[in-house]
Amino acid sequence: MGPAEYVILAVTLFAAAGLQGSIGFGAGLVAAPVVGILEPSLLPAFIICLGALIGLLVTLRERASVDVKGASWALLGRIPGSMIGTWLVVLLPLTALTWAVALSVLAGIAASFIGWRPVPHRRALVTAGALSGIMGTATATGGAPMAIIWQGQEPARVRGTMSAFFLVGSVISVLLLALAGQVSAQMLTTLLWMSPVVVAGFFLSRWINKFMDARRLRYAALGVSILGSLVLIIRLLIS
């Protein structure tokens, strides 16, 4: 990448960090399409590492509101889901995988808008965690299942719990991708150079959070999930 591409990447990551710091996820949905255009070889490991960094920052900020029990049940599903996602990355065509992810997310969001609100009990959390692991490891966009399962909760609780979940889940996904040979030195170097921009975006989210109540957070989370799925579909149609 040249200087212009690095500037575009920095602006994108600043916005992505601000978004995820406000609603608990979304950095991958914003950054993955841009990274895919600028430097596809960085995907998906770069976006997953980005999510881990933001997740650490938000978890520390919202630590008093984290639902440790709920995050633990979701992580119980995330681990096998991440293993399945790694297997899918290695074996399946990216096109088929992306279509499956995008359409599944849109179906879940459509059900949410017509009144379906799953109760975050153990089985639902494990299932959502597994789906997030598959989607996050395979396409770097694993936030939607967790946004659906935790919709309507108190904003700080949603941000903190989702961030703790994604922090641990992202570390697991990156380690599995590294074992599969999908993590490069170029990716790690780029992440290091972009870290200050990510931290700056995180501080932006502190201002955004002043305007977020539970209703606005729910609509923002579902809206971002829809946008991310549509971006995936558009990329498939024009590629």
Ignoring hydrogens, what is the shortest heavy-atom contact between [X] and [Y]? Give both atom names and the distance.
| X | Y | answer |
| --- | --- | --- |
| L75 | G169 | CD2-N, 3.8 Å |
| G21 | I54 | N-CG2, 4.3 Å |
| C49 | M187 | SG-CE, 3.9 Å |

Pairwise side-chain contact, [X] with [Y], heavy-atom cut-off 4.5 Å (strictly under):
| X | Y | value |
| --- | --- | --- |
| R206 | R61 | yes |
| V68 | S72 | yes |
| V58 | F166 | no |
| P120 | W73 | no |
| M146 | F25 | no |

Test side-chain contact (heavy atoms from CB on, under 4.5 Å) applied to M194 and Y6, step by step | CA-CA 9 Å; M194 290 292 124; Y6 275 109; 3.8 Å; yes
Can you tell me how far the [atom1] atom of [X] sits from the [atom2] atom of [Y], to the nearest 0.5 Å?
| X | Y | atom1 | atom2 | result |
| --- | --- | --- | --- | --- |
| S82 | I48 | OG | CD1 | 8.0 Å |
| L50 | L42 | CG | CG | 11.5 Å |
| N209 | S205 | CG | OG | 5.0 Å |
| T161 | E154 | OG1 | CD | 9.5 Å |

Is the distance between the ring centroids of W207 and F211 less than 6.0 Å?
-> yes
Step through the shown structure and confirm whether more than 12 heavy atoms of other residues, nucleotides or ligands are within 6.0 Å of CE on M83.
-> no
Using the side-chain hydrogen bond (donor to acceptor under 3.5 Å, both in side chains) rule, take S22 and R159 through it: C-alpha gap first, then chi angles, then the decisive distance, then the call.
-> CA-CA 7 Å; S22 300; R159 287 191 296 267; over 6 Å; no
Does E5 reach the main-chain N or O of G2 with its side chain, forming a donor-acceptor pair under 3.5 Å?
->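 Judged by distance alone, yes, a pair lies under 3.5 Å.
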Please report the C-alpha distance between W150 and L125 in whole Å, then the side-chain angles of each, then the deciding distance to 0.1 Å, and finally whether the side-chain contact (heavy atoms from CB on, under 4.5 Å) criterion is met.
-> CA-CA 9 Å; W150 275 317; L125 287 168; 3.8 Å; yes
Given side-chain hydrogen bond (donor to acceptor under 3.5 Å, both in side chains), test Q186 with S184 step by step and report yes or no.
-> CA-CA 5 Å; Q186 179 195 13; S184 67; 4.7 Å; no
